[in-house]
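Position 1 is the first residue of the sequence, and the numbers go up from there. We count ligands from 1, going down the list as the structure has it; atoms in each ligand are counted the same way. Note that the structure is predicted; figures quoted are calculated from it, not measured.
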Amino acid sequence: MAEQLHWINEAWEQVTKRVTRTSKRIGANFPHASEKGSYILEEPYWWTAGFWPGVLWQVYRETGDDALKQLAQECEAKLDKVQNDYYRLDHDMGFMWTLTSIAQYKITGNEDSKRRALLAANLLMGRFNVNGNFIRAWNPWSEGEDNRGVAIIDCMMNLPLLYWASEETGDPRFKSVAKRHADTVLEHFIRSDGGVHHIIRFDPDTGEKVEALGGQGYAPYSAWSRGTAWAIYGLTLSYHYTGEEKYLETAKRVAHFFISHLPEDFVPVWDFRLPAEVASPRDSSAGAIAACGLLLLAEKVRTEESPVYQKAGEKILESLYKNYGEWEGTEEGLILHGTSHFPEGKFTDNPLIYGDYFFVEGLASLKGYKELFW
Ligand code: GLY
């Protein structure tokens with residue numbers, strides 16, 4: 001136990017030092033992937049806009065460093081122009097406003113943050129397709145593209161915004177939409193072996209399933225590791241908010257699939273089901289996300305079931321710290337070797353801000369910070 005606490009505290013110290021140093025260059029901006037040691041900054045419209053402020057809030061919660069708090073607040077304010085840009089908003093409002101406005105509301109009680117998060121929840125609910133019981137993922141990426149029937153596994157992590165909104169307002173509509181989407185995921189995304197599809201296309205008028213698509217995974221029936229991680233954490237969060245056993249049981253099934261496919265160092269390759277001739281770089285971000293999901297799952301299952309999930313979550317985080325961090329030198333990212341989008345060749349061996357965020361959240365959880373922003 002003493003040995004275990006030692007690496008967690010050491011890792012937390014490194015994170016605090018790195019984030020504090022990086023905050024002086026990045027400020028209130030929106031990093032996405034780190035290349036040659038420096039984070040590339042994005043416009044706040046991209047789905048990753050919440051993760052840097054999320055990192056800042058996680059570290060602030062422990063250190064009380066007001067400079068970090070102020071940057072997180074400035075990031076949140078910058079997202080206002082996104083909330084007013086209807087055409088560019090997609091389902092990732094959950095990621096964006098949970099780690100900014102809900103985080104701030106939970107920490108400081110700021111009423112403006114609550115208003116922003118409730119507005120985001122309303123906008124997210126507006127993407128619900130009642131014919132097929134799914135939340136539409138994206139708008140067209142190019143002129144004429146028809147995305148009306150597209151839903152993706154990542155959206156499981158957007159649902160907590162809706163559950164939170166129901167708890168906050170007492171209005172059941174948000175939760176009801178979230179549960180219907182989650183039930184569609186159980187029916188169409190999760191396979192019997194615990195693997196998951198990234199994308200399902202439905203007929204937007206009839207709600208019938210049309211096809212599974214490979215998306216960021218290798219193929220429609222492969223097993224994209226980050227999608228699997230989103231499912232573990234998202235399903236566990238759906239159980240957390242609803243108490244419905246079907247979400248817990250499915251989270252366990254997906255977790256077993258994930259854990260049983262981990263290589264020796266506990267950090268997943270980008271897709272668990274690849275032909276031998278396809279390259280298999282790691283995706284450290286999938287490891288970090290899954291670790292957070294596994295640690296929450298360990299709290300939700302029966303006591304005798306808990307160690308398997310707890311240990312897996314800890315092992316992943318320990319390996320990320322010991323084998324995937326570059327703690328000396330000028331690298332801004334916290335964990336190396338993330339894969340953002342292998343099929344499109346985008347950032348296939350880089351620190352990714354969401355990998356960093358979940359690494360920090362996982363460490364915070366091991367340090368005893370159990371109140372979730374989600
Ligand atoms: N589509 C979000 C992700 O890359 O996981």
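Other residues, nucleotides and ligands contribute only 12 or fewer heavy atoms inside 6.0 Å of the NZ atom of Lys315.
For ligand 1, the polar-atom distance check finds no N/O of His198 at less than 3.5 Å from any of the ligand's N/O atoms. Polar contact check, Trp47 against ligand 1: no nitrogen or oxygen pair lies under 3.5 Å apart. Residue contacts with ligand 1: Gln216 is placed with a nitrogen or oxygen under 3.5 Å of a nitrogen or oxygen of the ligand (distance criterion only). Considering backbone and side-chain N/O of Asp154, one or more are found under 3.5 Å from N/O of ligand 1.
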Exercise for the section: Take Phe189 and His198 through the ring-ring contact (aromatic ring centres under 6.0 Å, His included) test and state the conclusion after the steps. Expected result: CA-CA 7 Å; Phe189 283 75; His198 183 198; 8.7 Å; no
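Distance from atom 4 (O) of ligand 1 to its nearest protein heavy atom, with residue and atom name: Arg226 NH2, 2.6 Å.
The aromatic rings of His261 and Phe272 lie tilted to each other, with the angle between the two planes from 30° to 60°.
At a heavy-atom distance under 4.0 Å, only side-chain atoms of Trp224, from C-beta outward, approach ligand 1.
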Donor-acceptor list for residues 46-53 side chains, cut-off 3.5 Å, not counting sequence neighbours:
residue, atom, partner, partner atom, Å
Trp52, NE1, Gly27, O, 2.9

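A donor atom on one side chain and an acceptor atom on the other are found under 3.5 Å apart for Gln58 and Tyr357.
A salt bridge links Lys252 with Glu249; the closest basic N to acidic carboxylate O contact falls under 4.0 Å.
No heavy atom of Phe347 sits closer than 4.0 Å to any atom of ligand 1.
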